[in-house]
Amino acid sequence: MMSNKKSRALSLSVGAGMLISSAFGFAACTGGSRGSNLGEHEKGDRVEVSFLCDANAVSEQAWIDLITAYNDGQGLEDGVYVSARMQAGASSPSASIFTRGEDYAYNVVAVCDSQNAFQTLAIRRDSNHAPDGYFLDLTPYAEADEDFQKNTIPENVMNWWRMTYNQNARQGAGQEKHVIGAGQTLLGVPYGTNPQFNWYNERLFKESGINVISCEEERLSEEYPNVQPHGYAEYKEAPFDGAVQSENLAGEQVYKVFNNRIGMNWEEQRYLFKCFTKEYNSSSPTNYGFASEYWFNYGWSVGGDVMGFNGQDYDFTLMDDSANYIVTKDGIVINNNTYAAGEIVRYEDKVNQSNIASMDGVYAIESIYNAVKEYLSVQVPTANTVDVKDGVTYKGYGVATPELGSADNWFNTAQIVMVRGVTDGIHNRFETSSAADFDICPAETYREYEGGSVYYDGEETFANEYLKVIGETYDGEEYTGELKVVDGTPIVGNTTTAGISQGLVIPACSDPDKYQAAWDFISWVATDGQQYIAYTISRGDGHSVQRGICRKR
């Protein structure tokens, strides 16, 4: 029978912790069973829960601290004692972990959704060991646990661990064998996320005359009243005291400002990469500006993706060259769905609202086709053709190294200035003497500014494209760099990122008498335990690093 535990104060917001909890769990290590020394209090007559824990040389101590805190605290009240086997890479377990008899099965296992590991195991069935699935249905435990219901895990993250399996569905006949998302069976509880960021070499930025600031958009007017909400911008006059001046690609003396709290728009990002590519700037300290295999943010920033539901079926949408739309007024109804100002219209509603282009309260932005073309242009060398459309040939920008296999090494050796990756995949630099060189920033997004972002000196090609300087005059008008606003709504696309979620499951093949004890531990990890997952250490240079519990992919 499930029990309600006494209320306990939540010590850390999981909403914040989920973004940083996976950061910097890096090097591989060998792990052994840990059934003792996990707390000052002995097991005594408490129910012992065995935990297969994904730990490595860096994250192991965080897990030890977490388990120790539980065993010495909430575990005493729950009557539960956790022992753990710590093993690097354990969160991609084989199916054999979930087909053991209850005398040999772990009571709690860490699983991640990298390469669909969680989903693959979730739909497995074994007539001898797990006829109803490898993972225990946690829904009734979560619903009965008042403490767990106070967690601040983002709903979209929790929903990724909800899945219902339809044994009788016929794949490809309009029915899916498994359905993921809201309202489905809760099979795991997330404890961390390993998100993607753009990593940049701050030392090279500063040596190139770029002033680096770190200020959220909503605080700019207070902290930097003369700075506009750009990821990267150039100013004619100093926008704040202490800003240094340097020469831009057009040969002008300007004040370059990079704000690592705001995603660059497409034009800003490609121009910055151009500054750090020797083909365009012979004095560049790096060969290229960028390296990335991920196109997602370009598409997501305008509300597009690989597939789009049209109301009856799914369309392959990467070649959809029709405009997307931002809603500029609250309460706009499109295809019988009501939108708030600032939302991007969903594909299904866009294709089924025949008059959307002429509707009041919507603003046309770039298509998913142009988003993908922009990404490819960044990646492709200048000699190569990206596409030929309507008689126009689009060539690559040539600002990113095509050698993705060596991208991380190139970044470490300062041959590229920015790279896209997950936190634990860019870990080496934080264990070196050059750790202070590197920092992170949001990925590119879609943002429009009054008067646009670029101008051309000659033919309208990328080689002749330059970023407009705030305070300079173009076509008789001073460029202010202000965000474009329509009906009071800023024209800003989605700001999001990809990530790998990690969670805890209860193997269905484990001892049923310990299901509740296993849940009690998982519930605590999702609430109070987050403070141990997202803990801070000093880098020794005045900066701090959020370290946590995850594995390298």
Side-chain angles (χ1 to χ4, degrees), residues 197-198 200-276 281 289 301 326 328 341-342 363 417-418 439-457 465-493 495 542-543:
F197 297 99
N198 282 353
Y200 68 95
N201 190 314
E202 186 170 20
R203 175 180 59 82
L204 294 181
F205 272 25
K206 292 180 177 179
E207 289 177 359
S208 299
I210 298 175
N211 301 274
V212 179
I213 64 172
S214 186
C215 185
E216 289 85 357
E217 193 164 349
E218 58 269 21
R219 296 192 295 112
L220 272 177
S221 60
E222 178 183 350
E223 297 192 19
Y224 295 95
N226 297 318
V227 172
Q228 294 290 354
H230 293 246
Y232 176 79
E234 296 178 351
Y235 295 79
K236 182 178 181 179
E237 305 293 339
F240 51 84
D241 290 341
V244 299
Q245 192 177 48
S246 59
E247 184 174 289
N248 66 8
L249 283 185
E252 304 163 320
Q253 290 297 313
V254 297
Y255 295 87
K256 307 169 185 174
V257 178
F258 177 79
N259 188 345
N260 64 18
R261 296 297 180 94
I262 298 177
M264 292 181 284
N265 77 356
W266 300 355
E267 294 91 342
E268 292 166 355
Q269 181 155 287
R270 70 194 186 212
Y271 173 82
L272 184 64
F273 297 159
K274 185 179 181 181
C275 295
F276 284 93
N281 180 13
S301 68
I326 288 180
T328 61
Y363 179 87
V417 79
M418 186 176 286
D439 209 338
I440 61 176
C441 64
E444 63 285 341
T445 189
Y446 184 85
R447 302 171 72 89
E448 288 192 18
Y449 297 96
E450 293 291 348
S453 295
V454 299
Y455 71 96
Y456 296 91
D457 183 9
E465 182 182 89
Y466 299 92
L467 203 63
K468 286 186 174 180
V469 176
I470 296 174
E472 285 287 0
T473 299
Y474 301 91
D475 298 325
E477 291 191 15
E478 181 179 323
Y479 182 65
T480 65
E482 295 175 345
L483 266 177
K484 186 163 192 173
V485 175
V486 177
D487 299 327
T489 299
I491 304 303
V492 176
T495 300
H543 293 75

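Hydrogens, waters and symmetry mates are skipped; everything else that's a heavy atom, side chains included, is used.
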Applying side chain to side chain contact (heavy atoms under 4.5 Å, CB included), run through Tyr449 and His230 and close with a yes or a no.
CA-CA 9 Å; Tyr449 297 96; His230 293 246; 3.3 Å; yes
Looking only at heavy atoms, what is the nearest atom pair of [X] and [Y], with distance?
X      : Y      : answer
Lys274 : Asn281 : O-CB, 4.2 Å
Tyr474 : Val469 : OH-N, 2.8 Å
Gly452 : Lys468 : O-CD, 4.4 Å
Phe240 : Ile213 : CZ-CG2, 3.8 Å
Thr473 : Gly476 : CG2-C, 3.6 Å
Glu444 : Asn198 : OE1-ND2, 3.8 Å

Min side-chain heavy-atom separation [X]-[Y] under 4.5 Å:
X      : Y      : answer
Arg447 : Ile262 : yes
Ser246 : Lys256 : yes
Glu268 : Leu467 : yes

Starting from the C-alpha separation in whole Å, work towards a yes-or-no answer on side chain to side chain contact (heavy atoms under 4.5 Å, CB included) for Ser214 and Arg261.
CA-CA 6 Å; Ser214 186; Arg261 296 297 180 94; 3.0 Å; yes
Please walk me through it: do Glu472 and Val254 pass side chain to side chain contact (heavy atoms under 4.5 Å, CB included)?
CA-CA 10 Å; Glu472 285 287 0; Val254 297; 6.0 Å; no
Count the heavy atoms belonging to other residues, nucleotides or ligands that lie under 6.0 Å from [atom1] of [X], then report whether that count exceeds 12.
X      : atom1 : answer
Glu207 : CD    : yes
Glu218 : CD    : yes
Glu477 : CD    : no

Please determine, by modelled atom types, if Tyr271 and Glu234 share a side-chain donor-acceptor pair under 3.5 angstrom.
yes
Looking only at side-chain N and O atoms, does Asn260 offer a donor or acceptor that is under 3.5 Å from a partner on Tyr200?
yes
Taking only Lys NZ, Arg NE, NH1 and NH2, and the carboxylate oxygens of Asp or Glu, determine whether Glu465 and Arg270 approach each other closer than 4.0 Å.
yes
Rounded to the nearest 0.5 Å, what separates atom OG in Ser453 from atom OH in Tyr479?
4.5 Å
So how far is it from Tyr235 OH to Asn226 CG, rounded to the nearest 0.5 Å?
8.5 Å
Looking at Thr445, is its backbone amide N or carbonyl O close enough to the side chain of Ser301 to form a donor-acceptor pair, meaning the two atoms are under 3.5 Å apart?
no
Does the Asn248 side chain pair with the main chain of Ala250, one donor and one acceptor, at a distance under 3.5 Å?
yes
Is there a side chain to side chain contact (heavy atoms under 4.5 Å, CB included) between Glu482 and Gln228 once you walk through the steps?
CA-CA 6 Å; Glu482 295 175 345; Gln228 294 290 354; 3.5 Å; yes
Residue list, side-chain hydrogen bond (donor to acceptor under 3.5 Å, both in side chains) with Tyr363, at least two apart or on another chain
Glu448, Lys484
According to side-chain hydrogen bond (donor to acceptor under 3.5 Å, both in side chains), who are the partners of Ser221, at least two apart in sequence or on a separate chain?
none
Geometric class of the Phe205/Phe258 ring pair [parallel <30°, tilted 30-60°, perpendicular >60°]:
perpendicular
